[in-house]
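Lettering of chains follows the sequences in order, A, B, ..., and the numbering in each one begins at 1.
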Protein chains: 2
Amino acid sequence: MSKPRYRRRKEDRPQEITEAAFDAFADKGYASTRVEEVASRAGVSKGLLYLYFKTKEELFKAVVKNVVVRRVDALIALVDKTDQSSEAFIRGPASRFLKEVPDSPVAVIIRLLISEGPRHPDLLDYYYQNVVSKGLAVVQRIIRRGIERGEFRPSIVDELPHLFLAPVMMSVVWRSLFGKRSLDTDKLIDTQIELLLAHIKA
Amino acid sequence: MSKPRYRRRKEDRPQEITEAAFDAFADKGYASTRVEEVASRAGVSKGLLYLYFKTKEELFKAVVKNVVVRRVDALIALVDKTDQSSEAFIRGPASRFLKEVPDSPVAVIIRLLISEGPRHPDLLDYYYQNVVSKGLAVVQRIIRRGIERGEFRPSIVDELPHLFLAPVMMSVVWRSLFGKRSLDTDKLIDTQIELLLAHIKA
DNA sequence: CTCATTAATGACTCGTTGGTCAGCAATTAT
DNA sequence: ATAATTGCTGACCAACGAGTCATTAATGAG
């Protein structure tokens with residue numbers, strides 16, 4: 001009547017390992033995280049981990065791909081579903097979404113990409129295709145819709161959707177370096193949005 | 001008449017090693033750079049390097065401290081010396097200064113700090129004290145001078161000098177990830193400056 | 001129950017790298 | 001010249017961590 005020392009759970013392992021890896025990478029960064037550490041957090045042996053992921057690098061890629069895709073797609077869905085005015089949408093759901101980023105898993109991924117990206121060009125390509133360009137496109141789309149509806153006037157801003165993301169980026173970096181001290185990231189993002197709206201409103 | 005195999009140059013070594021380390025870290029990041037590699041780039045043996053720097057970590061700190069201090073002080077000096085109007089100064093020297101950052105050594109340091117900073121809290125403190133807070137203060141100073149002179153009106157912007165730095169930050173990160181593709185960083189920074197000026201002009 | 005299958009373990013290897021040190025050779029002093 | 005000093009070298013070591021594999025035991029089939 002001894003308890004089994006482990007359960008066979010082929011289906012769940014990859015996801016669990018991926019999540020453990022995310023946590024570990026978030027704490028220590030990619031290079032400084034030992035595979036053993038990931039395995040231990042996932043409650044499995046190192047050997048098993050290597051059954052599901054051929055190398056540490058592949059694990060890294062799996063983590064990145066795993067976390068981000070949902071989020072962007074969520075925002076896109078949001079945009080398509082809404083019937084608010086563009087301005088209301090930007091001030092409401094879009095603003096909330098952006099303000100969440102610095103505390104979300106996305107922030108961790110961004111940090112990981114900055115650190116390790118240059119050594120993983122194919123990963124950067126993937127990320128650019130599936131996250132960055134989609135993200136920029138969706139911002140642009142909101143603005144253009146506003147223009148078509150006569151809410152906004154054409155301006156340089158709709159060629160530079162990056163302007164909406166800059167304070168978010170800054171917040172992510174700031175938080176990762178200095179924690180919450182001396183920068184109210186919500187205020188930064190809000191102010192930038194107000195600035196941009198003031199500039200593009202018809 | 002054999003050439004000496006090496007020259008004794010106690011004075012110059014630290015600087016040379018520090019510069020070699022900067023280059024190496026810029027290429028490979030901190031964790032992935034071997035001490036041997038740094039020594040080789042500096043044209044010395046690994047043993048010598050350890051004569052001047054007790055550990056790899058200390059070398060890292062020396063690099064960071066070495067590069068950045070000059071720059072910020074340069075900007076501060078610039079501000080104090082000028083007799084231009086605040087607006088002209090922002091559009092001119094300040095703008096040029098900001099646009100240089102993404103291609104400058106500072107960008108490298110920022111990337112290094114994002115990657116390794118969380119494991120070097122004392123370094124982050126140093127950096128915050130000597131670079132970040134000084135940088136923010138100098139931006140704020142320009143704005144306040146403008147207000148005193150009646151060029152600008154008081155606004156939220158002078159509590160958030162970060163707004164001037166956000167597009168710079170974004171450019172640094174973007175460049176380090178995606179190179180020059182699909183983002184004109186000069187334009188991004190210029191546009192943000194115009195936006196801010198339009199908002200604060202009296 | 002018994003056997004075949006395979007998920008899972010954990011001890012092992014081996015390349016890598018931060019850090020050391022005994023000795024050497026470039027200077028400087030005498 | 002010769003000796004004393006010390007900047008510098010390069011071989012070395014110990015730790016560490018990625019990746020392997022022979023073995024074990026949970027599970028499902030007959």
Fill in: First of Thr33(B) and Arg5(B) reached from the 5' end of DNA chain C, by closest nucleotide
Thr33(B)
Practice prompt. Between Tyr6(B) and Arg34(B), name the one whose nearest nucleotide on DNA chain C is closer to the 5' end.
Written response: Arg34(B)
Discussion item. Can you measure Glu11(B) atom CD to dG7(D) atom P for me and round it to whole angstrom units?
Written reply: 10 Å
Fill in: N/O (side chain, Arg7(B)) to phosphate O (OP1/OP2, dG7(D)) under 4.0 Å
no
Fill in: Protein-nucleotide distance (Glu36(A), atom CD; dT9(C), atom P), rounded to Å
11 Å
Item to complete: State whether the side chain of Arg153(A) and the backbone N or O of His199(A) hold a donor-acceptor pair below 3.5 Å, judged by distance alone.
Response: yes
Worksheet item: Under the 6.0 Å and 45° cation-pi test, does Lys10(A) pair with Tyr52(A)?
Response: no
Discussion item. Nearest whole Å is fine: how far is dA25(D) P from Arg8(A) CZ?
Written reply: 13 Å
Worksheet item: Which residue pairs pass the ring pair (Phe, Tyr, Trp, His ring centres under 6.0 Å) test when at least one of the two sits in residues 127-149 of chain B, sequence neighbours left out?
Response: Phe178(A)-Tyr128(B)
Worksheet entry | Distance under 6.0 Å and angle within 45° of ring axis: Lys61(A) vs Tyr126(A) | no
Item to complete: Strictly below 4.0 Å, heavy-atom distances to any atom of DNA chain C: list the hits from residues 44-56 of chain A, or just say none.
Response: Val44(A), Ser45(A), Gly47(A), Leu48(A), Tyr52(A)
Discussion item. Salt bridge or not between Glu151(A) and Lys201(A)? Use side-chain N to carboxylate O under 4.0 Å.
Written reply: no
Worksheet item: Rounded to the nearest Å, what distance is computed from the CD atom of residue Glu58(B) to the C1' atom of nucleotide dG18(C)?
Response: 14 Å
Discussion item. I'd like to know if Arg13(B) and Glu16(B) make a salt bridge, using a cut-off of under 4.0 Å between side-chain N and carboxylate O.
Written reply: yes
